[in-house]
Amino acid sequence: MRRRLGCSDLREVPEARRALRELLRHWGRPGCSEIAELLTSELVTNALVHTDRDAVLTATVSPDGLRVEVRDFVGRRPRLRAPVPDDGTHGRGLVLVESLADAWGVRAHGVGKAVWFELNGGAA
């Protein structure tokens, strides 16, 4: 699945979740698709909130699992930070990704970066 995400358009978040849900309808162990949706919405939200540019969501299912990548066009790398209790929901996205994904990271990608995660999915 490949999807272009409109600049700062947070309506893209539920649409990205819906598209991923459709892709993963018959994939992974129970609960895995829900985790994938949550982590995808975190990466998409970060890309749309912290940049003023479009982004591209790519999700690939293989026998090894799921890889989701959100590419944006701003070189500034995200920082993993401990959430502050008084800060609402800010600062929790990458903490969730780090704690729930089997692997994750950030890589430079031409003009910008790609933030990705992988889930192994277990047996279907």
Side-chain angles (χ1 to χ4, degrees):
M1 173 186 81
R2 185 175 171 91
R3 225 182 138 82
R4 189 142 190 97
L5 307 168
C7 177
S8 301
D9 186 356
L10 292 178
R11 292 175 298 187
E12 296 283 2
V13 177
E15 286 301 312
R17 286 181 73 123
R18 184 200 54 73
L20 187 69
R21 184 178 313 119
E22 185 64 28
L23 176 70
L24 301 179
R25 188 181 336 191
H26 303 292
W27 175 81
R29 66 184 180 272
C32 219
S33 293
E34 289 84 1
I35 291 169
E37 283 184 53
L38 172 65
L39 300 184
T40 298
S41 65
E42 293 297 336
L43 295 189
V44 168
T45 300
N46 282 352
L48 297 176
V49 167
H50 297 294
T51 71
D52 290 325
R53 309 256 173 93
D54 292 351
V56 178
L57 165 65
T58 306
T60 307
V61 178
S62 73
D64 294 329
L66 169 71
R67 180 180 174 94
V68 173
E69 179 175 288
V70 177
R71 179 181 177 206
D72 65 47
F73 303 93
V74 174
R76 185 178 63 249
R77 295 175 69 87
R79 293 177 309 149
L80 183 66
R81 62 184 177 115
V84 177
D86 302 5
D87 201 15
T89 59
H90 297 290
R92 289 172 172 74
L94 289 180
V95 171
L96 284 170
V97 173
E98 181 180 60
S99 64
L100 296 174
D102 293 313
W104 79 281
V106 181
R107 66 180 172 82
H109 196 285
V111 176
K113 66 187 168 300
V115 183
W116 57 271
F117 72 84
E118 294 176 349
L119 294 173
N120 68 25

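These figures come from a predicted structure and were not determined experimentally.
Leu43 and Val74 are not part of a single hydrophobic cluster, where members link through side-chain heavy atoms under 4.5 Å apart. The hydrophobic cluster containing Val106 also contains Leu48, counting ILVMFWY residues as joined when their side-chain heavy atoms lie under 4.5 angstrom apart, directly or transitively. Val49 and Val95 fall within the same hydrophobic cluster, where Ile, Leu, Val, Met, Phe, Trp and Tyr residues are linked whenever their side-chain heavy atoms come under 4.5 Å apart, directly or through other members. Hydrophobic clustering, with ILVMFWY side chains joined whenever heavy atoms are under 4.5 angstrom apart, keeps Trp27 apart from Trp116.
Under the salt bridge (Lys or Arg N to Asp or Glu O under 4.0 Å) criterion, Asp9 pairs with Arg11, sequence neighbours left out. For the side chain to side chain contact (heavy atoms under 4.5 Å, CB included) test, no residue two or more places apart in sequence or in another chain qualifies with Val111. Under the side chain to side chain contact (heavy atoms under 4.5 Å, CB included) criterion, Glu34 pairs with no residue at all, not counting sequence neighbours. Listed by chain and number, the residues in a side chain to side chain contact (heavy atoms under 4.5 Å, CB included) with Asp102 are Leu119, Asn120 (sequence neighbours excluded). Considering only residues two or more places apart in sequence or on other chains, Glu118 meets the side chain to side chain donor-acceptor pair (under 3.5 Å) condition with Arg67. Legend: residues meeting side chain to side chain contact (heavy atoms under 4.5 Å, CB included) with Arg4, ordered by chain and number and at least two apart, are Asp54, Val56, Phe73.
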- Check against side chain to side chain contact (heavy atoms under 4.5 Å, CB included), Leu100 and Phe117: CA-CA 9 Å; Leu100 296 174; Phe117 72 84; over 6 Å; no
Output a table of donor-acceptor pairs, distance under 3.5 Å, between side-chain atoms of residues 12-21 and any protein atom two or more places apart or on a different chain; print 'none' if there are none.
unit_1 : atom_1 : unit_2 : atom_2 : d
Glu12  : OE2    : Gly6   : N      : 3.1
Glu15  : OE1    : Arg18  : NE     : 3.3
Arg17  : NH1    : Ser41  : OG     : 3.2
Arg21  : NE     : Glu37  : OE1    : 3.3
Arg21  : NE     : Glu37  : OE2    : 3.1
Arg21  : NH2    : Glu37  : OE1    : 2.8

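Among residues at least two apart or in separate chains, there is no side-chain hydrogen bond (donor to acceptor under 3.5 Å, both in side chains) pair with a member in residues 56-65. Screening residues 106-117 for salt bridge (charged side-chain N to carboxylate O under 4.0 Å, His left out) gives Glu69-Arg107, Asp72-Lys113 as the qualifying pairs, with residues at least two apart or on separate chains.
Within the 3.5 Å criterion, the main-chain N or O of Leu96 finds a donor-acceptor partner in the side chain of Ser99.
Within the 4.5 Å cutoff, the side chain of Val68 has no heavy atoms near those of the Leu39 side chain. At a threshold of 4.5 Å between non-hydrogen side-chain atoms, the residues Leu66 and Leu24 count as touching. Residues Val97 and Val115 fail the side-chain proximity criterion, which asks for heavy atoms closer than 4.5 Å.
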